[in-house]
Chemist: 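Provided herewith is a single structure, encoded as structure tokens, for subsequent inquiry.
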Number of protein chains: 2
Amino acid sequence: MTPQRIAIAETIWKYGHIDIDRLYSVIREKFPTISLATLYKNINSFLEKRFIQEVPIPNHKTKYELILKNHGHFICTECGEVRDIEIDENVLKMSIQDSVPNMDRVSLSVHGVCCGK
Amino acid sequence: MTPQRIAIAETIWKYGHIDIDRLYSVIREKFPTISLATLYKNINSFLEKRFIQEVPIPNHKTKYELILKNHGHFICTECGEVRDIEIDENVLKMSIQDSVPNMDRVSLSVHGVCCGK
DNA sequence: CTGGGTGCAAAGTATTTGCATGAAC
DNA sequence: GTTCATGCAAATACTTTGCACCCAG
């Protein structure tokens with residue numbers, strides 16, 4: 001656990017969802033010499049350890065978020081913003097008509113336009 | 001509508017879900033001179049026209065599928081295979097506890113391991 | 001002709017790797 | 001001293017762009 005690593009985790013937590021570029025610029029305020037390589041290495045290590053997960057966003061860079069409680073995402077197809085939405089996981093699972101092998105994790109994304117565009 | 005373009009659409013349809021590399025090698029059997037650039041151009045044009053959509057897969061290349069009826073995806077976290085699963089969209093929407101601005105499209109992914117691994 | 005698609009090459013962007021250095025134990 | 005993360009540079013991977021050519025209307 002290095003200070004850089006802590007800052008990365010904190011920043012992801014603080015922003016909720018953040019992509020690599022924003023993360024880079026935020027972290028550099030505290031650690032001006034940090035490199036993108038270090039960032040990617042830490043991101044990948046966090047991913048492996050299942051501290052964080054990717055939130056892929058069409059036409060935008062993938063964002064990262066801490067894995068806390070299960071929730072859905074509203075993803076704006078215009079600006080790429082992500083908002084968490086609460087889901088009732090039992091009801092959600094009831095919507096699945098087919099049998100599914102080994103359901104590890106269920107992820108729900110709602111796509112739409114957030115701003116009045 | 002060029003023969004290449006038709007072959008691309010047909011191949012996506014035939015495979016259900018396919019990534020760019022597989023698409024490239026399949027199409028090249030029919031059109032040995034086709035380039036990745038052409039493939040990407042057509043993919044992007046299909047995406048814009050909403051003929052196809054992306055299916056992002058953690059640790060694997062994005063796959064593409066025709067937009068037919070709404071369904072969910074089972075995504076194997078080991079091999080990246082995708083299987084369509086039928087969903088009851090009304091029940092699924094009932095699982096959403098928060099109000100959502102402009103719900104265009106809802107996408108459900110179930111992650112797990114398909115093979116006995 | 002003209003418009004639009006193809007395919008090559010090149011550029012651009014994103015991500016990973018190798019290695020020297022330095023801090024922590 | 002050994003281990004492990006950092007940060008630079010380079011390599012790799014992925015995707016887009018520019019342009020010359022060709023085909024169909």
Side-chain angles (χ1 to χ4, degrees), chain A residues 1-13 15 17-66 75 77-80 82, chain B residues 1-13 15 17-66 75 77-80 82:
Chain A
M1 270 293 143
T2 62
Q4 286 93 329
R5 189 165 296 193
I6 291 164
I8 293 169
E10 273 180 359
T11 305
I12 296 174
W13 171 77
Y15 280 78
H17 315 88
I18 192 168
D19 68 22
I20 195 81
D21 294 333
R22 194 119 174 69
L23 190 55
Y24 186 47
S25 69
V26 172
I27 298 287
R28 257 194 316 185
E29 288 169 16
K30 234 181 176 175
F31 300 92
T33 63
I34 204 170
S35 65
L36 266 176
T38 299
L39 227 46
Y40 276 113
K41 282 170 192 166
N42 281 300
I43 287 288
N44 285 332
S45 137
F46 286 170
L47 284 169
E48 270 168 32
K49 291 180 180 124
R50 303 272 215 141
F51 291 166
I52 65 172
Q53 67 188 351
E54 300 182 330
V55 184
I57 311 195
N59 305 316
H60 295 270
K61 297 189 97 168
T62 293
K63 294 188 173 175
Y64 305 96
E65 67 176 358
L66 297 184
I75 298 173
T77 50
E78 288 294 336
C79 66
V82 178
Chain B
M1 271 292 144
T2 61
Q4 286 93 330
R5 189 166 295 191
I6 291 164
I8 293 169
E10 273 179 2
T11 305
I12 296 174
W13 171 77
Y15 280 78
H17 315 89
I18 191 168
D19 68 22
I20 196 80
D21 294 333
R22 195 121 173 66
L23 189 55
Y24 186 45
S25 69
V26 173
I27 298 286
R28 258 195 314 186
E29 288 168 16
K30 237 182 173 174
F31 300 92
T33 64
I34 203 170
S35 65
L36 266 177
T38 299
L39 228 44
Y40 276 113
K41 282 170 193 167
N42 281 300
I43 287 289
N44 285 331
S45 137
F46 286 171
L47 284 170
E48 271 168 32
K49 290 181 180 123
R50 302 271 215 144
F51 291 166
I52 65 172
Q53 67 187 348
E54 301 183 329
V55 184
I57 310 193
N59 305 316
H60 294 269
K61 298 189 96 169
T62 293
K63 294 189 175 174
Y64 305 96
E65 68 176 357
L66 297 186
I75 298 174
T77 49
E78 289 293 336
C79 67
V82 178

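By convention in this document, chain letters (A, B, ...) are assigned in the order of the sequence lines, proteins followed by strands, and residues within each chain are numbered from 1.
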Chemist: 5' to 3' on DNA chain C, which nucleotides open and close the contacts with chain B (atom under 4.0 Å from a heavy atom)?
Modeler: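 Taking any atom under 4.0 Å from a heavy atom of chain B, the span is dG5(C) to dA9(C).
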Chemist: Once side-chain contact (heavy atoms from CB on, under 4.5 Å) is applied, do any residues pair with Q53(B), and if so which ones, sequence neighbours excluded?
Modeler: E65(B), I67(B), R105(B)
Chemist: Among residues two or more places apart or on two chains, list those pairs meeting side chain to side chain donor-acceptor pair (under 3.5 Å) that have a residue in residues 19-31 of chain B.
Modeler: D21(B)-K61(B)
Chemist: List for me each residue that meets side-chain contact (heavy atoms from CB on, under 4.5 Å) alongside F51(B), sequence neighbours excluded, and say none if there are none.
Modeler: F46(B), K49(B)
Chemist: Can you tell me how far OG1 of T77(B) sits from NE2 of H60(B), rounded to the nearest 0.5 angstrom?
Modeler: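 Going from the NE2 atom of H60(B) to the OG1 atom of T77(B) covers 8.0 Å.
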Chemist: Assign a letter to each nucleotide of nucleotides 12-25 of chain D from its 5' end: B, base within under 4.0 Å of a protein heavy atom; S, sugar-phosphate only; -, no contact.
Modeler: --SSBBB-------
Chemist: Output all residues satisfying side-chain contact (heavy atoms from CB on, under 4.5 Å) with T38(A), sequence neighbours left out; order by chain, then residue number.
Modeler: I34(A), S35(A), N42(A)
Chemist: Roughly how many Å is it from CE in M1(A) to C1' in dT3(D), rounded to a whole number?
Modeler: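 For the pair M1(A) CE and dT3(D) C1', the rounded distance is 16 Å.
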Chemist: Search all heavy atoms of K63(B) against all heavy atoms of G80(B) and return the closest pair with its distance.
Modeler: NZ-O, 3.3 Å
Chemist: Which value, rounded to the nearest 0.5 Å, describes the distance between L23(B) atom CG and I8(B) atom CD1?
Modeler: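 Going from CG on L23(B) over to CD1 on I8(B), the span is 6.0 Å.
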Chemist: Which residues pass the salt bridge (charged side-chain N to carboxylate O under 4.0 Å, His left out) test with K41(A), sequence neighbours left out?
Modeler: none
